[in-house]
J.: 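Attaching a single structure in structure tokens format; questions to follow.
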Amino acid sequence: MPQPHRPTRPARPPQPQRARRGGGPARRRGDRPRWGVRLAAGLAVAVLGSGAIGHAVMTGLDTGIERVDPFKDMKNRPQAGHGLNFLLVGTDGRDKITRQDRREYRLGGAPCHCTDTVMLVHLSANRQRASVVSLPRDSYAELPAHRDESSGKQHGPHAVKLNAAYAEGGPQLTVRTVENLTRVKIDHYLEVDFSSFMKTVDAMGGVEICTAKALHDKNTGLDLLPGTHRLSGGQALQYVRSRHVDGAADLGRMQRQQRFVAALVKQATGGGVLLNPVKFKEVSSTLLGSVRADRGFGSEQMLALGQAMRDFTPASSEFASVPIGNPSYPVKGIGSTVKWDEPKAAKLFEALRQDRPLAAPSAPGPVRGQAQAQAQGQAQGQSGLRAQQQPAVRVDVPPQQIRVQVENGTRIDGLGGRVDTALRATGFDTTRAPVGGASRNVKRTVIAYDPRWDRSARTVSTALPGSELRAVAGQGRTVLVIAGADYRKVVPVRPEDPYQGQFGVVTGDQVICGK
């Protein structure tokens, strides 16, 4: 990956730079020496850290906060654990965005008045660690009985996608649903729409993001080449909204959102915001003036968070996504939903309740369990032990995120079923319904794919050595495997991402731009 430049400190007021292909501008020769920066940072810490002056800096910021009461009349809530838990909700609201920004950042269309992003943020009791867990917006959820916020109609319990909780019952039903799913008690609620997100990023002077690969999404207008970019508020919104960058769809988007939050934490704790009382007030004023929050969250809480995070480093933050059991769980009347791996998810949320780090060290083990290895070994005519010990090849897209349909392109009885079983044992989301191909004389296995999901196709091709890639425009996200007479085995694969540990945790220093 190319080494990123350190961007020039902007003149005040800060004007975010547009992302430049290949990185930001070089440091000017006239920048102050490091000892001067350290002295200024030290003085800022003293000012912000002193109670009276710190509160004086933050005086009056509460008046601009739009309040909601997400905890009103809530009963049978989970027992409080240790530390603080925030539910951070990003909605698709765009009422306050100008026509020019709507055109530039592709924000047309009618909003669904639902949640675009749902994150559970845990701040440890000692204020030395922040854990961020992304909850897929398409997660299978069961809403409790409630009254519809828009129509006033009373509803009994029913199944939905998680993001529909906000559309039906606003913040309160969203909190109730998340608490029912996770058994984690929410202490504070923060709701950010498109406009408030853009304003906050701009108030920080933009946020630096790096990417090892080109990112293009015609739906949002995202267009980044490999390298380092300082994104303005509108460009940052494109980055966190894009879901057509690769075959990973919403799951890939969640990883990019986590990377963005890690970069945001790094910038805030690196001296540019938290260690500058004037800047801290400016950013806090912008944030508090454009979000919706519960009645217990205000300037005092912002000041306490700022003081708590002064000693944060990128490694102080850790990011995880809820373990997924089935990324395409069908529900009648709703469609495809994301079904959690309930035992693993329960352990993840138990760790939050107990205020334990999610990235706890664990002993190295095989890529797959014994049962999966044996299933693949039988499908390939090998022993389970040999399949288990076979090293996994690194790929871009996790096999669990790739839908695969298998066709038998030969006259070999049962070949389609064996290939389907072997791919599923390796982690691919197969249909479990292989079919006979139009041709029964295929000699070389073919991977047919839509060009929009080329990275997913390459992952499947890696698992099937010697296969031929064949682009088919308009095929959709399902990758078609036409098994040929050359088929011998499926090679285990695993994603290239730095996610490690039992919950797929990555710390902030693993996802921000390296120096």
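For the single chain, residues carry numbers from 1 onward in sequence order.
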J.: Not counting sequence neighbours, which residues clear side-chain contact (heavy atoms from CB on, under 4.5 Å) with Asp413? List them please.
T.: none
J.: Report the residues that fulfil side-chain contact (heavy atoms from CB on, under 4.5 Å) with Ala214, sequence neighbours left out, ordered by chain and then residue number.
T.: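 Ala214: side-chain contact (heavy atoms from CB on, under 4.5 Å) contacts with His216, Leu225, Pro226.
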J.: Tell me every residue that passes salt bridge (charged side-chain N to carboxylate O under 4.0 Å, His left out) with Arg440, counting only those two or more places apart in sequence or in another chain.
T.: none
J.: The criterion is side chain to side chain donor-acceptor pair (under 3.5 Å); which residues satisfy it with Thr430, sequence neighbours excluded?
T.: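 Partners of Thr430 by the side chain to side chain donor-acceptor pair (under 3.5 Å) criterion, ordered by chain and then number, come out as Asp420, Arg424.
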J.: Please identify each residue that fulfils side chain to side chain donor-acceptor pair (under 3.5 Å) with Arg403, with sequence neighbours left out.
T.: Asp429
J.: Assess whether salt bridge (charged side-chain N to carboxylate O under 4.0 Å, His left out) is satisfied between Lys347 and Glu350, documenting all intermediate values.
T.: CA-CA 5 Å; Lys347 291 180 180 179; Glu350 175 65 17; over 6 Å; no
J.: How long is the span from the CD1 atom in Ile186 to the CZ atom in Phe86, to the nearest 0.5 Å?
T.: 10.5 Å
J.: For residues Ser336 and Ser328, determine if any side-chain heavy atom of one lies less than 4.5 Å from a side-chain heavy atom of the other.
T.: yes
J.: Got a second to check how far Asp450's CG is from Leu480's CG, nearest 0.5 Å?
T.: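 With rounding to 0.5 Å, CG (Asp450) is 12.0 Å from CG (Leu480).
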J.: List the residues meeting salt bridge (charged side-chain N to carboxylate O under 4.0 Å, His left out) with Lys339, not counting sequence neighbours, and say none if there are none.
T.: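 Applying salt bridge (charged side-chain N to carboxylate O under 4.0 Å, His left out) to Lys339 gives Glu342.
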J.: Mind checking salt bridge (charged side-chain N to carboxylate O under 4.0 Å, His left out) for Glu142 and listing every partner two or more places apart, or none if nothing turns up?
T.: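 So Glu142 forms no salt bridge (charged side-chain N to carboxylate O under 4.0 Å, His left out) with any residue.
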J.: Under the side-chain hydrogen bond (donor to acceptor under 3.5 Å, both in side chains) criterion, do Ser124 and Asn126 qualify, and how do the steps go?
T.: CA-CA 5 Å; Ser124 64; Asn126 61 12; 2.6 Å; yes
J.: For Gln238 and Thr220, does a side-chain donor sit closer than 3.5 Å to a side-chain acceptor?
T.: no
J.: Is there a donor in the side chain of Asn408 and an acceptor in the side chain of Thr410, or the other way round, less than 3.5 Å apart?
T.: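 Short answer, yes.
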J.: Working to the nearest 0.5 Å, report the span between CG of Asn326 and CG of Asp341.
T.: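 So the CG of Asn326 and the CG of Asp341 are separated by 10.5 Å.
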J.: Among all residues two or more places apart in sequence or in another chain, which pass the side chain to side chain donor-acceptor pair (under 3.5 Å) test with Ser461?
T.: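 Counting only residues at least two positions away or on another chain, Ser461 forms a side chain to side chain donor-acceptor pair (under 3.5 Å) with Ser467.
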J.: Sequence neighbours left out, what passes side-chain contact (heavy atoms from CB on, under 4.5 Å) with Ser134? Give chain and number order.
T.: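 Testing Ser134 for side-chain contact (heavy atoms from CB on, under 4.5 Å), a comparison that skips the adjacent residues, returns Met119, Met254, Gln258, Ser321.
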J.: What are the two closest heavy atoms between Ile447 and Ala457, and how far apart are they?
T.: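 Closest heavy-atom pair between Ile447 and Ala457: CG2-O, 4.1 Å.
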J.: Between Thr117 and Arg137, is any pair of side-chain heavy atoms under 4.5 Å apart?
T.: no
J.: Hey, could you give me each pair passing salt bridge (Lys or Arg N to Asp or Glu O under 4.0 Å) that has a residue in residues 174-185? Not counting sequence neighbours.
T.: Arg77-Glu179
J.: Restricting to non-hydrogen atoms, name the atom on Gly416 and the atom on Val406 that form the minimum distance, rounded to 0.1 Å.
T.: O-CG1, 3.6 Å
J.: Look up atom OG1 in Thr174 and atom CD in Glu191, then write down how far apart they are to the nearest 0.5 Å.
T.: 8.0 Å
J.: In terms of the angle between their ring planes, are Tyr140 and Tyr329 parallel, tilted or perpendicular, with boundaries placed at 30° and 60°?
T.: perpendicular
J.: Please enumerate all residues that pass ring-ring contact (aromatic ring centres under 6.0 Å, His included) together with His158, with sequence neighbours excluded.
T.: His146, His155
J.: Look at the side chain of Arg129 and the backbone N and O of Asp355, then say whether any donor-acceptor pair between them is shorter than 3.5 Å.
T.: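 Yes; at least one donor-acceptor contact below 3.5 Å.
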J.: According to side chain to side chain donor-acceptor pair (under 3.5 Å), who are the partners of Thr431, at least two apart in sequence or on a separate chain?
T.: Gln405
J.: Can a donor-acceptor pair be found between the side chains of Thr445 and Asp486 at a distance below 3.5 Å?
T.: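 Result is yes, a qualifying pair exists.
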J.: May I ask you to say whether Asp223 pairs ionically with Lys218, meaning some side-chain N is under 4.0 Å from a carboxylate O?
T.: no
